[in-house]
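Working notes, structure below.
First listed ligand is number 1; within each ligand, the first listed atom is number 1.
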Amino acid sequence: MSPRIVVAGAVTSVDNRLLLAQRRYPATVAGLWELPGGKAEDDEDVKFALRRELREELDVGVEVGERLAETVALSDDLTLIALWARITDGVPRPVEHSRLRWVTAEELDKMVAGHQLVPADTVWVPELSGVLRRA
Ligand code: 9L3
Ligand code: MG
């Protein structure tokens, strides 16, 4: 069986904030914040998959950019990656999440310190906060 890819969007705004979404399920991560996204279909291009997922979850259109450096092995057959993205159409709303938040680098760091991020996504924090601060 080929490994499945989960794509997550590092969606940033022109004023250098990052979009975080609060998970409703499963119970182990409910209430924690993540980069929105989900499973790519078999043979689906990852950029296409992220555009589809963010349309479904946030009701927006996005332009997808480069991959972030880190890859996360969620399980033997599930691999998580993240890609930078910008909203090109619509205003995001939490279709599947309980809430959305645009955070600054400082707010992101505080949320990480307070264990408010889903554990898998913490690998990207240095790159995320570095880019948000540099811009
Ligand atoms: N996951 C982890 N971090 C993320 C995303 C979008 C997803 N930023 C994990 C949670 C699930 C799996 O990947 O175990 C599939 O995601 P979803 O379809 O439940 O969003
Ligand atoms: Mg999802």
Check ligand 1 against A8 and write out every atom of the ligand that is under 4.0 Å from a heavy-atom position of the residue. 8 (N)
Is it true that some N/O/S atom of K39, main chain or side chain, lies under 2.8 Å from the Mg ion (ligand 2)? no
Pull out every atom of ligand 1 sitting under 4.0 Å from any heavy atom of V6, numbered as shown with elements. 7 (C), 13 (O)
For atom 18 (O) of ligand 1, what is the closest protein heavy atom, and at what distance to 0.1 Å? G38 CA, 3.7 Å
Check L80 against ligand 1 and report side chain, backbone, both or neither, counting heavy atoms closer than 4.0 Å. side chain
Please list, in number order, the atoms of ligand 1 under 4.0 Å from a heavy atom of G37. 6 (C), 20 (O)
E96/R23 salt bridge by N-O under 4.0 Å criterion: no
Does ligand 1 have any atom sitting under 4.0 Å from a heavy atom of R23? yes
Among L83, V64, T88, D45, whose side-chain contact (heavy atoms from CB on, under 4.5 Å) with R51 holds? V64
Take R133 and E106 through the salt bridge (charged side-chain N to carboxylate O under 4.0 Å, His left out) test and state the conclusion after the steps. CA-CA 9 Å; R133 282 197 166 84; E106 291 73 24; 3.7 Å; yes
Kindly compute the distance separating CG (L58) from CD1 (I87), expressed to the nearest 0.5 Å. 7.0 Å
Is it the case that one hydrophobic cluster holds both V118 and L100, taking links as side-chain heavy atoms less than 4.5 Å apart, direct or via other members? no
Trace of the side-chain contact (heavy atoms from CB on, under 4.5 Å) decision for L32 with Q22: CA-CA 5 Å; L32 299 182; Q22 189 176 38; over 6 Å; no
Cation-pi between R52 and F48: NZ/CZ under 6.0 Å from ring centre and within 45° of the ring axis? no
Under a 4.5 Å side-chain heavy-atom rule over Ile, Leu, Val, Met, Phe, Trp and Tyr, are L19 and L35 clustered together? no
Provide the atom name of the closest N, O or S atom of E57 relative to the Mg ion (ligand 2). OE2
Flag atom 2 (C) of ligand 1 as yes if some protein heavy-atom distance to it falls below 4.0 Å, otherwise no. yes
Return the closest protein heavy atom for atom 13 (O) of ligand 1 as residue, atom name and distance. L74 CD1, 3.4 Å
Treat each ILVMFWY residue as a node, draw an edge where side-chain heavy atoms are under 4.5 Å apart, and state whether L18 and L80 are in one component. yes
Quick one: look up the protein heavy atom nearest atom 5 (C) of ligand 1 and list residue, atom name and how far away it is. E34 OE1, 3.3 Å
Nearest-neighbour protein heavy atom for atom 6 (C) of ligand 1, which is reported as residue plus atom name and distance: L35 O, 3.3 Å
Contact (N/O only, under 3.5 Å) between D121 and ligand 1: yes
